[in-house]
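Just below is one structure, and these are the notes that go with it.
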Amino acid sequence: MTAEKPSPVESVAVVETRQSRPNTSIGELFGELSNQISALIRGEIELTKVKATSLAKKVGVGAGLLIGAAVFALYLLGWIFHTIEVALRAAMPAWGAALTVTGILLVIVLILAAIGAAAMKKGMKDKPEPQVNMKLNVEAMKKGLGK
């Protein structure tokens, strides 16, 4: 048998550690840790509240501006149809032009209303009915309990 040569041992640096607060028990350290974690969580919640408030203010301003734009868009739509009526007056009497524009608007309204009603009817087919599922669950529980 040949003897194996022992491998050289690498030197390990020994680091001396000292407790920064001598005579502090583990229980006290855990108590401080839980207090610090609680403070951290409270701080995060407060930060989230501040961010949410800031976001709500910015979104509120944006929503207000969009509502203003929508109101002006409705006025613009009215003026577009008024311009169409004025243009039609060149080819027919004023009452005929007004009647034509009114008829066009009526057709648009009827088409949009029909499409909207069909979409509502289609959407109502998928209406959730939690009371039905609750009744089925109660019946299953009664069967399961042997009643």
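As a basis for the values below, the full set of heavy atoms in this structure was taken, side chains included, without hydrogen atoms, waters or symmetry mates.
Under the 4.5 Å side-chain heavy-atom criterion for grouping Ile, Leu, Val, Met, Phe, Trp and Tyr, Leu77 is not connected to Leu106 through any hydrophobic cluster. Hydrophobic clustering (side-chain heavy atoms under 4.5 Å, transitive across Ile, Leu, Val, Met, Phe, Trp, Tyr) keeps Ile37 apart from Leu47.
Taken to the nearest 0.5 Å, the CD atom of Glu85 stands 8.0 Å off from the CG atom of Leu88. To the nearest 0.5 Å, atom CG of residue Leu40 and atom CG of residue Leu33 are 10.5 Å apart. Distance check: Ile104 CD1 to Leu99 CG gives 10.0 Å after rounding to the nearest 0.5 Å. Here the CZ-OG1 distance, from Phe81 to Thr100, works out to 12.5 Å after rounding to the nearest 0.5 Å. Distance check, rounded to the nearest 0.5 Å: OG1 of Thr83 to CG of Leu76 gives 9.0 Å. The distance from atom CD1 of Ile84 to atom CG of Leu105, rounded to the nearest 0.5 Å, is 8.0 Å.
By the neighbour-count criterion of 12 heavy atoms within 6.0 Å, atom CD1 of Ile80 is densely surrounded, having more than that number from other residues, nucleotides or ligands.
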(message) side chain to side chain contact (heavy atoms under 4.5 Å, CB included) for Val107 and Ile111? Distances and angles first, verdict last.
(response) CA-CA 6 Å; Val107 169; Ile111 290 171; 3.8 Å; yes
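Ionic pairing of Arg42 and Glu46 is not present here: no N-O contact between side-chain nitrogen and carboxylate oxygen is shorter than 4.0 angstrom.
Of all non-hydrogen atoms in Ser34 and Gly31, the two that sit nearest each other are OG-O, 2.8 Å.
Using modelled atom types, no side-chain atom of Ser54 and backbone atom of Val50 make a donor-acceptor pair closer than 3.5 Å.
Note on ring orientation: taking the six-membered ring where Trp is involved, the planes of Tyr75 and Phe72 are tilted (angle from 30° to 60°).
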